[in-house]
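One structure is given here, and the rest of the page talks about it.
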Number of protein chains: 2
Amino acid sequence: MTALVDGQVTAKFLLGRRRDQMDPDDIAALERSVSAIRDLPTRRTLIRAGEPVVESTLLLEGILCRYMDDRAGHRQLVAIHVPGDFVDLHGFPMGRLDHDIATIGPVKVAVWKHGALEDILAPRPKLQRMLWFSTLLDAAMHREWIFRLGRLGADGRVAHLICELEERLAMVGLSRGGTYGLPLIQADLAEACGLTNVHVNRVLRALREQELMTFRDGRVTILNRPQLRVLGEFEPGYLYGNHPEKVAEALAGAA
Amino acid sequence: MTALVDGQVTAKFLLGRRRDQMDPDDIAALERSVSAIRDLPTRRTLIRAGEPVVESTLLLEGILCRYMDDRAGHRQLVAIHVPGDFVDLHGFPMGRLDHDIATIGPVKVAVWKHGALEDILAPRPKLQRMLWFSTLLDAAMHREWIFRLGRLGADGRVAHLICELEERLAMVGLSRGGTYGLPLIQADLAEACGLTNVHVNRVLRALREQELMTFRDGRVTILNRPQLRVLGEFEPGYLYGNHPEKVAEALAGAA
DNA sequence: CGTGAGCTTGAGACAGGTCAAGGGTGGTGG
DNA sequence: CCACCACCCTTGACCTGTCTCAAGCTCACG
């Protein structure tokens, strides 16, 4: 349990998206109804598929993932979450999840009991709309992942993911100048890209040799953003960022 | 413009899911606020990525798809829609879409102006929750498609899709006894499965020779449902059907 | 009866998987 | 302080699933 300054818990929620359109009273209501702040260790499963979920989780620090296992036990990541993401808000309207959620590194999260959400949302259709919107961002990213797996080769898949994470982390102030911390191992990248870890290793080498990017010791450095985006066929429109052109300029300037 | 008996437009919406939990007054409000019923021809693009969307579409008859193109112009389907699906409800909270929507065969749809939705949803948080839920079904299916593309081989991908469509069509009464109409061509299946049409053709032959299923002239016939589901690693939980065990029994009985 | 859209099959190429071995590094315990 | 171990990264050799290219077939329709 960590003490946080009032108004800080949701500080990154929808940041870079529509946070500026949120009603301050709605934000205050959300802040007031948090039921707990928790720290969780590395590689811990938070929620298992099928079990009833009675609370929802906003990621404050660290990286979480959602995944599904195939019969042989091989994991497919279906989402990677960064701070500010309302990770399992899907469980609120649905009542259970169809996949597992787990930490990758250590994380800090805030949780809301679904009952508390019910109470604050009933009289606040606009806030409910915002939460709805935030789950649709997940859906948009899911679609992009389908595209990534269905149409891109191994290099493109890795490049696309690295570009997406840069953009998302930049929105919440966690990526600057083309470099960001990413506490994944190569096997995690493989599970996100539908590849083997051996092949991800080769892809990373190729990207390094082409001087497009590096990924070492949990840190990504993008060396040639335009080329990396071409390789990954990355167009950030699906992230529904506030100021896509301004972000693009800022990033170009920083590179 | 087609005349429909009052109360029929949304008859399939959430059918087999949570339709029975919907408030009759909410349904009536939805019915009343329909702005048009339209018939659309084969292979027609309805909505293009990025353009502002001011109305949302409920599919009444036929099959629609959502897709994204890669740089070379190759299409990746990210969703296939069946009657009862509120296809582009995502555009209501989001304002625009990140992908295109097109018909496959001829379809009949109902459309709602977003303004009309705003009006009926403001005082109806429960209805808004239902619409939210329906978009999260799409997200759940997206996740399953990610799994399909990331972890299954060609046979499994096709098998999985065929099983999913059977289950979804059965929920709205359009699949019986393991057979259903599916007005796709092999190239559409390929675009949904991240494969080439040549390879889909070979996969279909293999599935036919193993007496698991056939697909000819726009009709699917499932010959060995248990084996097909094993091959596709298909578990219908992600479809959030009302009575998964009853559905399973009914289907087993019909086979 | 010709034409085109969709289906089918074959042969060869290649991306990525599989299996196997070795190397670096940090943590732990003797 | 060193030895060991676990975890992760790296590389090589070979294998296979899927793609590519190409040709022919079927059938509905004008």
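So you know, we letter chains A, B, ... as the sequences are listed, proteins then strands, and number each from 1.
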Candidates [options] - which lies nearest the side chain of [X]:
X: Ala154(A); options: dG10(C), dG16(C), dT18(C); value: dG16(C)
X: Thr196(B); options: dG16(C), dC19(D), dT10(D); value: dC19(D)
X: Val198(B); options: dA13(D), dG16(C), dC21(D); value: dC21(D)
X: Gln186(B); options: dG12(D), dC7(C), dC19(D); value: dC7(C)
X: Arg208(A); options: dC8(D), dT8(C), dT10(D); value: dT10(D)
X: Arg205(A); options: dT9(C), dT11(D), dT18(D); value: dT11(D)

Consider side chain to side chain contact (heavy atoms under 4.5 Å, CB included). Of Ile222(A), Leu212(A), Asn224(A), which one does Leu207(A) pass it with?
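Passing option: Leu212(A).
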Identify which one of Val203(A), Ile80(A), Asn197(A), Leu184(A) satisfies the side chain to side chain contact (heavy atoms under 4.5 Å, CB included) criterion when paired with Leu189(A).
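Of Val203(A), Ile80(A), Asn197(A), Leu184(A), side chain to side chain contact (heavy atoms under 4.5 Å, CB included) with Leu189(A) is met by Leu184(A) alone.
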Which whole-number value in Å describes the distance from [X] [atom1] to [N] [atom2]?
X: Glu191(B); N: dT18(D); atom1: CD; atom2: C1'; answer: 17 Å
X: Asn197(A); N: dC8(D); atom1: CG; atom2: P; answer: 10 Å
X: Arg216(B); N: dC27(D); atom1: CZ; atom2: C1'; answer: 11 Å
X: His199(A); N: dC9(D); atom1: NE2; atom2: P; answer: 16 Å
X: Leu204(A); N: dC8(D); atom1: CG; atom2: P; answer: 15 Å
X: Ile104(A); N: dC8(D); atom1: CD1; atom2: P; answer: 12 Å
X: Asp217(A); N: dC9(D); atom1: CG; atom2: C1'; answer: 11 Å
X: Arg202(B); N: dC21(D); atom1: CZ; atom2: C1'; answer: 11 Å

Determine whether the side chains of [X] and [Y] contain a donor N or O and an acceptor N or O closer than 3.5 Å.
X: Asp100(A); Y: Thr45(A); result: no
X: Arg219(B); Y: Thr179(B); result: yes
X: Asp138(B); Y: His90(B); result: yes

Base, sugar-phosphate or nothing for Gly194(A)? Non-hydrogen atoms, less than 4.0 Å.
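The answer is sugar-phosphate, as Gly194(A) gets under 4.0 Å only of primed atoms, P, OP1 or OP2.
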With a cut-off of less than 4.0 Å, is there a side-chain N or O of Asn201(A) near OP1 or OP2 of dC9(D)?
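False: Asn201(A) side-chain N/O out of range (4.0 Å or more) of dC9(D) OP1/OP2.
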Mapping Leu152(A) and Ile185(B) to their closest nucleotides on DNA chain C, which lands nearer the 5' end?
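Going by which nucleotide is closer to the 5' end, it is Ile185(B).
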